[in-house]
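Just so it is clear, the model here is predicted, and its values are computed rather than measured. Naming convention: chains lettered A, B, ... in sequence-line order (proteins, then strands); numbering from 1 in each chain.
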Protein chains: 2
Amino acid sequence: MATGRTHRPATRSRGIPEATVARLPLYLRALTALSERSVPTVSSEELAAAAGVNSAKLRKDFSYLGSYGTRGVGYDVEYLVYQISRELGLTQDWPVVIVGIGNLGAALANYGGFASRGFRVAALIDADPAMAGKPVAGIPVQHTDDLEKIIKDNGVSIGVIATPAGAAQQVCDRLVSAGVTSILNFAPTVLSVPDGVDVRKVDLSIELQILAFHEQRKAGEETAAGDIGSLPASTPRVAAADDSADQGPDGDVPAVMPA
Amino acid sequence: MATGRTHRPATRSRGIPEATVARLPLYLRALTALSERSVPTVSSEELAAAAGVNSAKLRKDFSYLGSYGTRGVGYDVEYLVYQISRELGLTQDWPVVIVGIGNLGAALANYGGFASRGFRVAALIDADPAMAGKPVAGIPVQHTDDLEKIIKDNGVSIGVIATPAGAAQQVCDRLVSAGVTSILNFAPTVLSVPDGVDVRKVDLSIELQILAFHEQRKAGEETAAGDIGSLPASTPRVAAADDSADQGPDGDVPAVMPA
DNA sequence: TGGTGTGAAGCGGTTCACAGCA
DNA sequence: TGCTGTGAACCGCTTCACACCA
(Lines give C-alpha, C1' and ligand atoms only; values in the text may rest on other atoms or scores of the structure.)
Protein backbone atom coordinates (compact mmCIF):
# COMPACT_ATOMS: atom_id res chain seq x y z
CA MET A 1 0.00 0.00 0.00
CA ALA A 2 1.16 3.45 -0.71
CA THR A 3 2.29 5.66 2.07
CA GLY A 4 5.67 6.93 2.86
CA ARG A 5 5.23 10.47 3.98
CA THR A 6 7.96 11.83 6.09
CA HIS A 7 7.05 12.84 9.56
CA ARG A 8 6.74 16.32 10.83
CA PRO A 9 10.33 17.53 10.95
CA ALA A 10 9.28 19.61 13.86
CA THR A 11 9.85 23.13 12.75
CA ARG A 12 6.67 24.61 14.05
CA SER A 13 4.80 26.54 11.42
CA ARG A 14 6.20 30.00 11.67
CA GLY A 15 6.66 29.55 15.40
CA ILE A 16 3.01 28.76 16.03
CA PRO A 17 2.50 25.26 17.45
CA GLU A 18 0.26 23.01 15.37
CA ALA A 19 -1.95 22.42 18.36
CA THR A 20 -2.52 26.14 18.56
CA VAL A 21 -3.25 26.46 14.84
CA ALA A 22 -5.87 23.73 15.21
CA ARG A 23 -7.64 25.78 17.87
CA LEU A 24 -7.57 29.15 16.12
CA PRO A 25 -10.67 28.30 14.04
CA LEU A 26 -12.46 27.47 17.27
CA TYR A 27 -11.62 30.83 18.77
CA LEU A 28 -12.53 32.55 15.55
CA ARG A 29 -15.96 30.98 15.54
CA ALA A 30 -16.62 31.99 19.12
CA LEU A 31 -15.37 35.49 18.44
CA THR A 32 -17.54 35.83 15.36
CA ALA A 33 -20.57 34.94 17.43
CA LEU A 34 -19.61 37.59 19.98
CA SER A 35 -19.02 40.08 17.22
CA GLU A 36 -22.49 39.51 15.82
CA ARG A 37 -23.89 40.24 19.24
CA SER A 38 -21.84 43.43 19.23
CA VAL A 39 -19.86 42.42 22.30
CA PRO A 40 -16.84 44.77 22.36
CA THR A 41 -14.43 42.84 24.58
CA VAL A 42 -14.00 39.42 26.19
CA SER A 43 -11.83 38.04 28.92
CA SER A 44 -9.77 34.92 28.31
CA GLU A 45 -12.06 33.18 30.77
CA GLU A 46 -15.25 33.95 28.84
CA LEU A 47 -13.82 33.27 25.43
CA ALA A 48 -12.26 30.03 26.61
CA ALA A 49 -15.62 28.85 27.92
CA ALA A 50 -17.26 29.67 24.59
CA ALA A 51 -14.59 27.79 22.69
CA GLY A 52 -14.54 24.84 25.06
CA VAL A 53 -10.94 25.13 26.24
CA ASN A 54 -9.39 26.39 29.46
CA SER A 55 -8.27 29.95 29.79
CA ALA A 56 -4.60 29.25 30.39
CA LYS A 57 -4.38 27.41 27.12
CA LEU A 58 -6.17 30.18 25.30
CA ARG A 59 -3.89 32.87 26.69
CA LYS A 60 -0.86 30.80 25.78
CA ASP A 61 -2.23 30.32 22.27
CA PHE A 62 -2.79 34.03 21.81
CA SER A 63 0.64 34.79 23.14
CA TYR A 64 2.09 33.09 20.07
CA LEU A 65 0.25 35.57 17.87
CA GLY A 66 1.39 38.58 19.82
CA SER A 67 0.12 40.72 22.68
CA TYR A 68 -3.36 41.49 21.53
CA GLY A 69 -5.04 41.83 24.91
CA THR A 70 -5.24 44.51 27.52
CA ARG A 71 -4.33 43.61 31.09
CA GLY A 72 -7.19 44.09 33.47
CA VAL A 73 -9.65 44.31 30.58
CA GLY A 74 -9.48 41.46 28.07
CA TYR A 75 -9.39 41.23 24.32
CA ASP A 76 -10.99 43.50 21.74
CA VAL A 77 -13.34 41.21 19.81
CA GLU A 78 -13.13 42.86 16.40
CA TYR A 79 -9.40 43.21 16.55
CA LEU A 80 -8.91 39.57 17.47
CA VAL A 81 -11.26 38.43 14.71
CA TYR A 82 -9.10 40.31 12.27
CA GLN A 83 -5.80 39.07 13.64
CA ILE A 84 -6.84 35.44 13.70
CA SER A 85 -8.41 35.64 10.26
CA ARG A 86 -5.21 37.08 8.93
CA GLU A 87 -3.11 34.47 10.68
CA LEU A 88 -5.22 31.69 9.20
CA GLY A 89 -5.06 33.22 5.76
CA LEU A 90 -8.77 33.84 5.58
CA THR A 91 -8.51 37.41 4.42
CA GLN A 92 -8.13 36.01 0.94
CA ASP A 93 -10.48 33.70 -0.93
CA TRP A 94 -9.42 30.08 -1.41
CA PRO A 95 -10.91 28.36 -4.42
CA VAL A 96 -11.66 24.74 -3.58
CA VAL A 97 -12.58 21.78 -5.79
CA ILE A 98 -14.60 18.83 -4.59
CA VAL A 99 -13.92 15.54 -6.33
CA GLY A 100 -16.50 12.80 -6.04
CA ILE A 101 -20.06 14.07 -6.05
CA GLY A 102 -21.86 11.23 -4.35
CA ASN A 103 -23.96 11.66 -1.26
CA LEU A 104 -21.11 13.10 0.71
CA GLY A 105 -19.72 15.28 -2.06
CA ALA A 106 -23.17 16.74 -2.61
CA ALA A 107 -23.52 17.37 1.10
CA LEU A 108 -20.21 19.19 1.12
CA ALA A 109 -21.16 21.22 -1.95
CA ASN A 110 -24.36 22.29 -0.26
CA TYR A 111 -22.58 23.05 2.94
CA GLY A 112 -22.92 26.74 3.67
CA GLY A 113 -19.73 26.99 5.68
CA PHE A 114 -17.59 27.33 2.59
CA ALA A 115 -18.67 30.69 1.34
CA SER A 116 -18.98 32.13 4.80
CA ARG A 117 -15.31 32.46 5.41
CA GLY A 118 -12.50 32.46 2.96
CA PHE A 119 -13.52 29.46 0.88
CA ARG A 120 -15.29 29.21 -2.45
CA VAL A 121 -16.34 26.08 -4.29
CA ALA A 122 -14.64 26.63 -7.63
CA ALA A 123 -15.74 23.34 -9.18
CA LEU A 124 -17.35 19.96 -8.62
CA ILE A 125 -15.77 16.99 -10.34
CA ASP A 126 -17.05 13.45 -10.80
CA ALA A 127 -16.00 10.43 -12.82
CA ASP A 128 -19.55 9.53 -13.82
CA PRO A 129 -20.30 10.90 -17.31
CA ALA A 130 -23.99 10.89 -16.43
CA MET A 131 -23.32 13.50 -13.76
CA ALA A 132 -21.59 15.92 -16.14
CA GLY A 133 -23.45 19.15 -16.53
CA LYS A 134 -25.93 18.30 -13.82
CA PRO A 135 -26.01 21.10 -11.29
CA VAL A 136 -25.39 20.36 -7.63
CA ALA A 137 -25.79 23.21 -5.20
CA GLY A 138 -26.11 25.43 -8.24
CA ILE A 139 -22.75 24.39 -9.63
CA PRO A 140 -22.54 22.18 -12.73
CA VAL A 141 -20.61 18.96 -12.20
CA GLN A 142 -17.65 18.51 -14.52
CA HIS A 143 -16.00 15.33 -15.66
CA THR A 144 -12.76 13.99 -14.22
CA ASP A 145 -11.14 14.20 -17.64
CA ASP A 146 -10.93 17.94 -17.24
CA LEU A 147 -9.51 17.83 -13.73
CA GLU A 148 -6.11 19.24 -14.58
CA LYS A 149 -7.52 22.05 -16.67
CA ILE A 150 -10.03 22.99 -13.99
CA ILE A 151 -7.34 23.14 -11.31
CA LYS A 152 -5.09 25.30 -13.40
CA ASP A 153 -7.74 27.61 -14.80
CA ASN A 154 -9.03 28.37 -11.35
CA GLY A 155 -5.71 28.48 -9.55
CA VAL A 156 -6.93 25.90 -7.08
CA SER A 157 -4.55 24.85 -4.35
CA ILE A 158 -6.98 23.09 -2.01
CA GLY A 159 -8.79 19.92 -3.03
CA VAL A 160 -11.44 17.86 -1.26
CA ILE A 161 -11.58 14.14 -2.01
CA ALA A 162 -14.98 12.54 -1.45
CA THR A 163 -14.58 9.60 -3.81
CA PRO A 164 -14.74 5.90 -2.94
CA ALA A 165 -11.59 4.56 -1.34
CA GLY A 166 -10.44 2.85 -4.50
CA ALA A 167 -10.24 6.03 -6.51
CA ALA A 168 -8.76 8.27 -3.85
CA GLN A 169 -5.05 7.76 -4.43
CA GLN A 170 -5.37 8.21 -8.15
CA VAL A 171 -7.42 11.37 -7.77
CA CYS A 172 -4.93 12.58 -5.20
CA ASP A 173 -2.01 12.02 -7.59
CA ARG A 174 -3.75 13.95 -10.34
CA LEU A 175 -4.67 16.80 -8.03
CA VAL A 176 -1.12 17.06 -6.80
CA SER A 177 0.48 16.96 -10.21
CA ALA A 178 -1.96 19.63 -11.36
CA GLY A 179 -0.77 21.89 -8.59
CA VAL A 180 -2.91 21.21 -5.53
CA THR A 181 -0.85 21.37 -2.34
CA SER A 182 -3.49 20.86 0.34
CA ILE A 183 -5.94 17.99 0.44
CA LEU A 184 -8.88 17.20 2.68
CA ASN A 185 -9.49 13.48 2.37
CA PHE A 186 -12.84 11.88 3.19
CA ALA A 187 -11.95 8.53 1.65
CA PRO A 188 -10.87 5.82 4.08
CA THR A 189 -7.40 5.44 2.64
CA VAL A 190 -3.93 6.45 3.62
CA LEU A 191 -2.89 8.84 0.90
CA SER A 192 0.66 9.03 -0.28
CA VAL A 193 1.81 12.49 -1.28
CA PRO A 194 5.14 14.16 -1.97
CA ASP A 195 6.77 16.50 0.49
CA GLY A 196 5.24 19.91 0.66
CA VAL A 197 1.70 18.65 0.26
CA ASP A 198 -0.58 18.70 3.28
CA VAL A 199 -3.20 16.05 3.77
CA ARG A 200 -5.88 16.11 6.41
CA LYS A 201 -8.21 13.21 6.89
CA VAL A 202 -11.81 12.95 8.06
CA ASP A 203 -12.94 9.41 8.69
CA LEU A 204 -16.32 8.64 10.15
CA SER A 205 -15.67 5.01 10.84
CA ILE A 206 -12.54 5.77 12.81
CA GLU A 207 -14.43 8.25 14.95
CA LEU A 208 -17.15 5.72 15.63
CA GLN A 209 -14.64 3.05 16.52
CA ILE A 210 -12.98 5.33 19.01
CA LEU A 211 -16.36 6.02 20.58
CA ALA A 212 -17.10 2.30 20.65
CA PHE A 213 -13.88 1.69 22.53
CA HIS A 214 -14.88 4.07 25.29
CA GLU A 215 -18.46 2.86 25.23
CA GLN A 216 -17.29 -0.67 25.80
CA ARG A 217 -15.15 0.46 28.66
CA LYS A 218 -18.12 2.17 30.29
CA ALA A 219 -20.22 -0.96 29.93
CA GLY A 220 -17.47 -3.03 31.49
CA GLU A 221 -17.29 -0.72 34.47
CA GLU A 222 -20.98 -0.86 35.12
CA THR A 223 -20.92 -4.62 35.13
CA ALA A 224 -17.93 -4.72 37.38
CA ALA A 225 -19.48 -2.21 39.73
CA GLY A 226 -22.88 -3.81 39.56
CA ASP A 227 -21.75 -7.31 40.29
CA ILE A 228 -21.75 -8.32 43.88
CA GLY A 229 -18.43 -6.94 44.99
CA SER A 230 -16.41 -8.67 42.35
CA LEU A 231 -13.22 -6.76 41.77
CA PRO A 232 -11.94 -3.39 42.93
CA ALA A 233 -13.84 -1.91 39.97
CA SER A 234 -12.10 1.35 40.56
CA THR A 235 -11.58 2.07 36.91
CA PRO A 236 -12.15 5.78 36.44
CA ARG A 237 -14.57 7.33 34.02
CA VAL A 238 -13.54 8.05 30.51
CA ALA A 239 -13.76 11.74 31.22
CA ALA A 240 -12.90 14.27 28.65
CA ALA A 241 -9.95 14.36 26.37
CA ASP A 242 -9.24 17.59 24.65
CA ASP A 243 -8.50 18.81 21.26
CA SER A 244 -6.92 16.57 18.73
CA ALA A 245 -4.69 19.19 17.33
CA ASP A 246 -3.12 18.72 13.99
CA GLN A 247 -2.54 15.87 11.71
CA GLY A 248 -0.68 18.00 9.30
CA PRO A 249 0.31 16.54 6.02
CA ASP A 250 0.86 12.84 6.01
CA GLY A 251 -2.52 12.62 7.61
CA ASP A 252 -3.21 10.24 10.34
CA VAL A 253 -6.20 11.24 12.31
CA PRO A 254 -9.93 10.95 12.01
CA ALA A 255 -11.74 10.43 8.78
CA VAL A 256 -15.23 10.08 7.32
CA MET A 257 -16.58 7.36 5.09
CA PRO A 258 -16.23 3.72 4.33
CA ALA A 259 -14.44 1.50 6.71
CA MET B 1 -22.18 29.75 25.27
CA ALA B 2 -22.43 26.39 26.81
CA THR B 3 -19.37 24.35 27.47
CA GLY B 4 -17.94 23.34 30.74
CA ARG B 5 -16.67 19.84 30.24
CA THR B 6 -14.00 18.79 32.56
CA HIS B 7 -10.72 17.89 31.02
CA ARG B 8 -9.31 14.47 30.70
CA PRO B 9 -8.36 13.58 34.25
CA ALA B 10 -5.56 11.64 32.73
CA THR B 11 -6.25 8.08 33.70
CA ARG B 12 -5.58 6.45 30.41
CA SER B 13 -8.38 4.27 29.23
CA ARG B 14 -7.60 0.93 30.70
CA GLY B 15 -3.90 1.58 30.33
CA ILE B 16 -4.07 2.18 26.60
CA PRO B 17 -3.01 5.70 25.61
CA GLU B 18 -5.66 7.67 23.74
CA ALA B 19 -3.23 8.26 20.90
CA THR B 20 -2.92 4.53 20.52
CA VAL B 21 -6.67 3.97 20.60
CA ALA B 22 -7.03 6.53 17.83
CA ARG B 23 -4.65 4.51 15.68
CA LEU B 24 -6.13 1.07 16.28
CA PRO B 25 -8.87 1.59 13.65
CA LEU B 26 -6.13 2.46 11.18
CA TYR B 27 -4.28 -0.75 11.88
CA LEU B 28 -7.50 -2.69 11.75
CA ARG B 29 -8.32 -1.34 8.31
CA ALA B 30 -4.88 -2.23 6.98
CA LEU B 31 -5.06 -5.67 8.54
CA THR B 32 -8.50 -6.31 7.09
CA ALA B 33 -7.15 -5.54 3.64
CA LEU B 34 -4.29 -7.99 4.20
CA SER B 35 -6.71 -10.57 5.50
CA GLU B 36 -8.82 -10.30 2.36
CA ARG B 37 -5.74 -10.95 0.33
CA SER B 38 -5.11 -13.99 2.51
CA VAL B 39 -1.78 -12.70 3.75
CA PRO B 40 -0.92 -14.82 6.81
CA THR B 41 1.62 -12.62 8.60
CA VAL B 42 3.05 -9.10 8.47
CA SER B 43 6.08 -7.45 9.94
CA SER B 44 5.72 -4.23 11.89
CA GLU B 45 7.50 -2.52 9.05
CA GLU B 46 5.03 -3.61 6.39
CA LEU B 47 1.94 -2.99 8.46
CA ALA B 48 3.21 0.39 9.55
CA ALA B 49 3.72 1.39 5.93
CA ALA B 50 0.19 0.30 5.06
CA ALA B 51 -1.23 2.27 7.96
CA GLY B 52 0.90 5.33 7.35
CA VAL B 53 2.80 5.34 10.62
CA ASN B 54 6.34 4.38 11.55
CA SER B 55 7.13 0.91 12.77
CA ALA B 56 8.44 1.90 16.19
CA LYS B 57 5.16 3.59 16.97
CA LEU B 58 3.20 0.60 15.77
CA ARG B 59 5.18 -1.84 17.87
CA LYS B 60 4.81 0.39 20.88
CA ASP B 61 1.06 0.59 20.26
CA PHE B 62 0.73 -3.17 20.02
CA SER B 63 2.80 -3.64 23.14
CA TYR B 64 -0.02 -1.98 25.10
CA LEU B 65 -2.38 -4.69 23.91
CA GLY B 66 -0.07 -7.54 24.77
CA SER B 67 2.61 -9.59 23.08
CA TYR B 68 0.81 -10.66 19.96
CA GLY B 69 3.81 -10.93 17.66
CA THR B 70 6.50 -13.50 17.05
CA ARG B 71 10.10 -12.34 17.15
CA GLY B 72 11.88 -12.90 13.92
CA VAL B 73 8.59 -13.43 12.10
CA GLY B 74 5.97 -10.73 12.62
CA TYR B 75 2.29 -10.68 13.46
CA ASP B 76 -0.42 -13.18 12.57
CA VAL B 77 -2.93 -11.16 10.56
CA GLU B 78 -6.11 -12.98 11.58
CA TYR B 79 -5.16 -13.06 15.20
CA LEU B 80 -4.40 -9.37 15.27
CA VAL B 81 -7.65 -8.52 13.51
CA TYR B 82 -9.49 -10.37 16.22
CA GLN B 83 -7.54 -8.83 19.08
CA ILE B 84 -7.92 -5.28 17.85
CA SER B 85 -11.61 -5.77 17.07
CA ARG B 86 -12.14 -7.07 20.54
CA GLU B 87 -10.18 -4.23 22.06
CA LEU B 88 -12.24 -1.67 20.16
CA GLY B 89 -15.46 -3.36 21.13
CA LEU B 90 -16.36 -4.26 17.57
CA THR B 91 -17.22 -7.87 18.28
CA GLN B 92 -20.61 -6.63 19.29
CA ASP B 93 -23.09 -4.59 17.28
CA TRP B 94 -23.59 -0.97 18.21
CA PRO B 95 -26.96 0.49 17.29
CA VAL B 96 -26.54 4.10 16.18
CA VAL B 97 -29.07 6.86 15.57
CA ILE B 98 -28.52 9.73 13.19
CA VAL B 99 -30.30 12.97 14.04
CA GLY B 100 -30.73 15.56 11.30
CA ILE B 101 -31.38 14.03 7.91
CA GLY B 102 -30.28 16.84 5.64
CA ASN B 103 -27.65 16.43 2.97
CA LEU B 104 -25.06 15.29 5.42
CA GLY B 105 -27.34 13.07 7.46
CA ALA B 106 -28.47 11.35 4.28
CA ALA B 107 -24.88 10.88 3.20
CA LEU B 108 -24.08 9.30 6.54
CA ALA B 109 -27.13 7.06 6.36
CA ASN B 110 -26.05 5.86 2.95
CA TYR B 111 -22.52 5.39 4.06
CA GLY B 112 -21.63 1.74 3.81
CA GLY B 113 -19.00 1.81 6.50
CA PHE B 114 -21.55 1.47 9.24
CA ALA B 115 -22.77 -2.01 8.64
CA SER B 116 -19.37 -3.31 7.68
CA ARG B 117 -17.99 -3.36 11.15
CA GLY B 118 -19.81 -3.28 14.41
CA PHE B 119 -22.25 -0.49 13.69
CA ARG B 120 -25.88 -0.54 12.64
CA VAL B 121 -28.09 2.42 11.83
CA ALA B 122 -30.98 1.79 14.20
CA ALA B 123 -32.93 4.91 13.28
CA LEU B 124 -32.94 8.20 11.41
CA ILE B 125 -34.50 11.18 13.15
CA ASP B 126 -35.45 14.58 11.80
CA ALA B 127 -37.40 17.56 13.08
CA ASP B 128 -39.17 18.16 9.78
CA PRO B 129 -42.64 16.55 9.85
CA ALA B 130 -42.54 16.36 6.05
CA MET B 131 -39.62 13.94 6.31
CA ALA B 132 -41.41 11.54 8.62
CA GLY B 133 -41.97 8.15 7.07
CA LYS B 134 -39.90 8.99 4.04
CA PRO B 135 -37.24 6.33 3.58
CA VAL B 136 -33.59 7.33 3.37
CA ALA B 137 -31.12 4.58 2.61
CA GLY B 138 -33.99 2.18 3.08
CA ILE B 139 -34.73 3.36 6.59
CA PRO B 140 -37.86 5.41 7.33
CA VAL B 141 -37.17 8.78 8.92
CA GLN B 142 -38.86 9.28 12.28
CA HIS B 143 -39.85 12.50 13.95
CA THR B 144 -37.88 14.14 16.73
CA ASP B 145 -40.87 13.88 19.05
CA ASP B 146 -40.18 10.17 19.39
CA LEU B 147 -36.47 10.56 20.02
CA GLU B 148 -36.49 9.35 23.61
CA LYS B 149 -38.64 6.34 22.81
CA ILE B 150 -36.47 5.39 19.84
CA ILE B 151 -33.31 5.56 21.91
CA LYS B 152 -34.73 3.45 24.67
CA ASP B 153 -36.49 0.89 22.51
CA ASN B 154 -33.32 0.23 20.56
CA GLY B 155 -30.89 0.43 23.43
CA VAL B 156 -28.89 3.07 21.59
CA SER B 157 -25.81 4.43 23.28
CA ILE B 158 -24.15 6.14 20.33
CA GLY B 159 -25.72 9.13 18.60
CA VAL B 160 -24.67 11.10 15.54
CA ILE B 161 -25.70 14.75 15.36
CA ALA B 162 -25.97 16.15 11.84
CA THR B 163 -28.37 18.98 12.55
CA PRO B 164 -27.81 22.70 12.00
CA ALA B 165 -25.69 24.34 14.69
CA GLY B 166 -28.65 25.95 16.37
CA ALA B 167 -30.36 22.66 17.16
CA ALA B 168 -27.31 20.67 18.17
CA GLN B 169 -27.14 21.42 21.88
CA GLN B 170 -30.82 20.74 22.38
CA VAL B 171 -30.65 17.48 20.46
CA CYS B 172 -27.56 16.58 22.43
CA ASP B 173 -29.31 17.20 25.73
CA ARG B 174 -32.23 15.02 24.71
CA LEU B 175 -29.97 12.24 23.49
CA VAL B 176 -28.03 12.28 26.72
CA SER B 177 -31.03 12.31 28.98
CA ALA B 178 -32.48 9.41 26.98
CA GLY B 179 -29.36 7.39 27.70
CA VAL B 180 -26.86 8.10 24.92
CA THR B 181 -23.33 8.26 26.28
CA SER B 182 -21.27 8.74 23.11
CA ILE B 183 -21.88 11.44 20.55
CA LEU B 184 -20.35 12.15 17.18
CA ASN B 185 -21.03 15.79 16.44
CA PHE B 186 -21.02 17.21 12.91
CA ALA B 187 -22.57 20.51 13.91
CA PRO B 188 -20.16 23.41 14.32
CA THR B 189 -20.88 23.95 17.97
CA VAL B 190 -19.14 23.23 21.22
CA LEU B 191 -21.43 20.78 22.94
CA SER B 192 -21.84 20.77 26.67
CA VAL B 193 -22.35 17.34 28.17
CA PRO B 194 -22.22 15.85 31.66
CA ASP B 195 -19.33 13.77 32.88
CA GLY B 196 -19.23 10.28 31.52
CA VAL B 197 -20.45 11.29 28.09
CA ASP B 198 -17.96 11.24 25.22
CA VAL B 199 -18.19 13.72 22.42
CA ARG B 200 -16.16 13.64 19.26
CA LYS B 201 -16.37 16.39 16.72
CA VAL B 202 -16.00 16.49 12.97
CA ASP B 203 -15.82 19.95 11.52
CA LEU B 204 -15.15 20.59 7.87
CA SER B 205 -14.58 24.29 8.18
CA ILE B 206 -11.96 23.83 10.86
CA GLU B 207 -10.08 21.35 8.70
CA LEU B 208 -10.16 23.73 5.77
CA GLN B 209 -8.95 26.60 7.89
CA ILE B 210 -6.01 24.59 9.12
CA LEU B 211 -5.13 23.76 5.52
CA ALA B 212 -5.46 27.42 4.58
CA PHE B 213 -3.02 28.34 7.30
CA HIS B 214 -0.35 26.06 5.87
CA GLU B 215 -1.24 27.02 2.33
CA GLN B 216 -0.70 30.65 3.17
CA ARG B 217 2.63 29.86 4.70
CA LYS B 218 3.72 28.02 1.57
CA ALA B 219 2.72 30.96 -0.59
CA GLY B 220 4.63 33.30 1.67
CA GLU B 221 7.75 31.20 1.38
CA GLU B 222 7.63 31.12 -2.37
CA THR B 223 7.35 34.86 -2.54
CA ALA B 224 10.14 35.34 -0.08
CA ALA B 225 12.32 32.89 -1.95
CA GLY B 226 11.29 34.22 -5.33
CA ASP B 227 11.91 37.85 -4.59
CA ILE B 228 15.29 39.18 -5.41
CA GLY B 229 17.16 38.17 -2.33
CA SER B 230 14.88 39.89 0.08
CA LEU B 231 15.12 38.19 3.43
CA PRO B 232 16.81 35.05 4.68
CA ALA B 233 13.74 33.16 3.51
CA SER B 234 14.93 30.12 5.29
CA THR B 235 11.52 29.13 6.56
CA PRO B 236 11.26 25.38 6.29
CA ARG B 237 8.58 23.46 4.46
CA VAL B 238 5.39 22.59 6.21
CA ALA B 239 6.36 18.97 6.07
CA ALA B 240 4.20 16.32 7.56
CA ALA B 241 2.51 16.25 10.89
CA ASP B 242 1.20 12.97 12.09
CA ASP B 243 -1.91 11.62 13.59
CA SER B 244 -4.19 13.84 15.52
CA ALA B 245 -4.98 11.28 18.12
CA ASP B 246 -7.94 11.60 20.33
CA GLN B 247 -10.24 14.35 21.28
CA GLY B 248 -12.02 12.18 23.73
CA PRO B 249 -15.16 13.44 25.28
CA ASP B 250 -15.41 17.13 25.63
CA GLY B 251 -14.50 17.18 22.00
CA ASP B 252 -12.16 19.70 20.66
CA VAL B 253 -10.76 18.61 17.38
CA PRO B 254 -11.81 18.60 13.81
CA ALA B 255 -15.37 18.84 12.68
CA VAL B 256 -17.51 18.92 9.56
CA MET B 257 -20.14 21.44 8.56
CA PRO B 258 -21.04 25.06 8.79
CA ALA B 259 -18.56 27.54 10.01
C1' DT C 1 -7.93 45.41 41.48
C1' DG C 2 -8.43 42.36 37.59
C1' DG C 3 -6.90 39.97 33.90
C1' DT C 4 -3.05 39.34 30.53
C1' DG C 5 1.41 37.41 29.40
C1' DT C 6 4.82 33.97 30.38
C1' DG C 7 8.73 31.25 32.69
C1' DA C 8 8.88 26.85 34.60
C1' DA C 9 7.16 22.46 35.92
C1' DG C 10 4.54 18.47 34.56
C1' DC C 11 2.84 15.06 31.38
C1' DG C 12 1.76 12.25 27.47
C1' DG C 13 3.50 10.71 23.35
C1' DT C 14 7.19 9.70 19.97
C1' DT C 15 11.59 8.11 18.79
C1' DC C 16 15.74 5.74 19.70
C1' DA C 17 18.36 1.86 20.27
C1' DC C 18 19.06 -2.47 21.79
C1' DA C 19 18.16 -6.64 24.59
C1' DG C 20 15.95 -10.91 23.91
C1' DC C 21 13.63 -14.62 21.73
C1' DA C 22 11.92 -17.71 17.65
C1' DT D 1 19.73 -13.93 11.75
C1' DG D 2 15.61 -11.16 11.98
C1' DC D 3 12.11 -8.89 14.06
C1' DT D 4 9.56 -8.06 18.27
C1' DG D 5 9.14 -5.83 22.72
C1' DT D 6 10.57 -2.09 25.64
C1' DG D 7 13.44 1.01 28.82
C1' DA D 8 15.12 5.51 28.32
C1' DA D 9 15.89 9.85 26.10
C1' DC D 10 13.57 13.38 23.87
C1' DC D 11 10.04 16.61 22.51
C1' DG D 12 5.95 19.34 22.32
C1' DC D 13 2.00 20.63 24.57
C1' DT D 14 -0.58 21.66 28.77
C1' DT D 15 -0.98 23.43 33.23
C1' DC D 16 0.54 26.12 36.99
C1' DA D 17 1.52 30.19 39.26
C1' DC D 18 2.72 34.64 39.43
C1' DA D 19 4.93 38.92 37.74
C1' DC D 20 3.32 42.87 35.52
C1' DC D 21 0.54 46.40 33.89
C1' DA D 22 -4.02 49.17 32.38
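Contacts between residues 69-76 of chain B and DNA chain D, defined by a heavy-atom separation below 4.0 Å, involve B/Gly69, B/Thr70, B/Arg71, B/Gly72, B/Val73, B/Gly74, B/Tyr75, listed by number.
Note: CD (B/Glu45) to P (C/dC16) measures 12 Å, nearest angstrom. Counting to the nearest Å, the C1' atom of C/dT4 and the OH atom of A/Tyr27 are 14 Å from each other. Atom OH of B/Tyr68 is separated from atom P of D/dT4 by 16 Å (rounded to the nearest Å). The CG atom of B/Asp61 sits 14 Å away from the P atom of D/dT4 (whole-angstrom rounding). One can place NZ of A/Lys60 at 7 Å from P of C/dG7, the figure rounded to the nearest angstrom. Per the geometry, CZ belonging to A/Phe62 stands 16 Å off P belonging to C/dG3, to the nearest Å. One atom, CD1 of B/Ile16, and another, P of C/dT14, lie 14 Å apart when rounded to the nearest Å. Look at CG on B/Leu65: it is 10 Å from P on D/dG5, rounded to the nearest Å.
With sequence neighbours excluded, the residues forming a side chain to side chain donor-acceptor pair (under 3.5 Å) with B/Thr181 are A/Glu215, listed by chain and number. For B/Tyr82, there are no ring-ring contact (aromatic ring centres under 6.0 Å, His included) partners at least two apart in sequence or on another chain. Shown here are the side chain to side chain donor-acceptor pair (under 3.5 Å) partners of B/Asp76, two or more places apart in sequence or in another chain: there are none. Shown here are the side chain to side chain donor-acceptor pair (under 3.5 Å) partners of A/Gln216, two or more places apart in sequence or in another chain: there are none. Contacts of B/Phe62 classified as ring-ring contact (aromatic ring centres under 6.0 Å, His included), with partners at least two apart in sequence or in another chain: B/Tyr27, B/Tyr75.
Put simply, the side chain of A/Val21 does not reach to within 4.5 Å of the side chain of B/Gln209, judged on heavy atoms.
Listed pair A/Arg59 / D/dC18 fails the phosphate criterion, with no side-chain N or O lying under 4.0 Å from OP1 or OP2. At the phosphate of D/dC3, neither OP1 nor OP2 sits under 4.0 Å from any side-chain N or O atom of B/Ser44. Contact check, A/Lys57 against D/dT15: a side-chain N or O comes under 4.0 Å of OP1 or OP2. Taking only side-chain nitrogens and oxygens, A/Asn54 comes nearer than 4.0 Å to OP1 or OP2 of D/dT15.
With hydrogens and angles left out, the side-chain atoms of A/Thr189 and A/Gln169 include no donor and acceptor closer than 3.5 Å.
The side chain of B/Ser63 sits closest to D/dG5 out of C/dG7, C/dT14, D/dG5. Nearest nucleotide to the side chain of A/Tyr64, out of D/dC13, D/dT14, C/dT14: D/dT14. Among C/dA8, C/dG5, C/dT14, the nucleotide with an atom closest to any side-chain atom of A/Ser67 is C/dG5.
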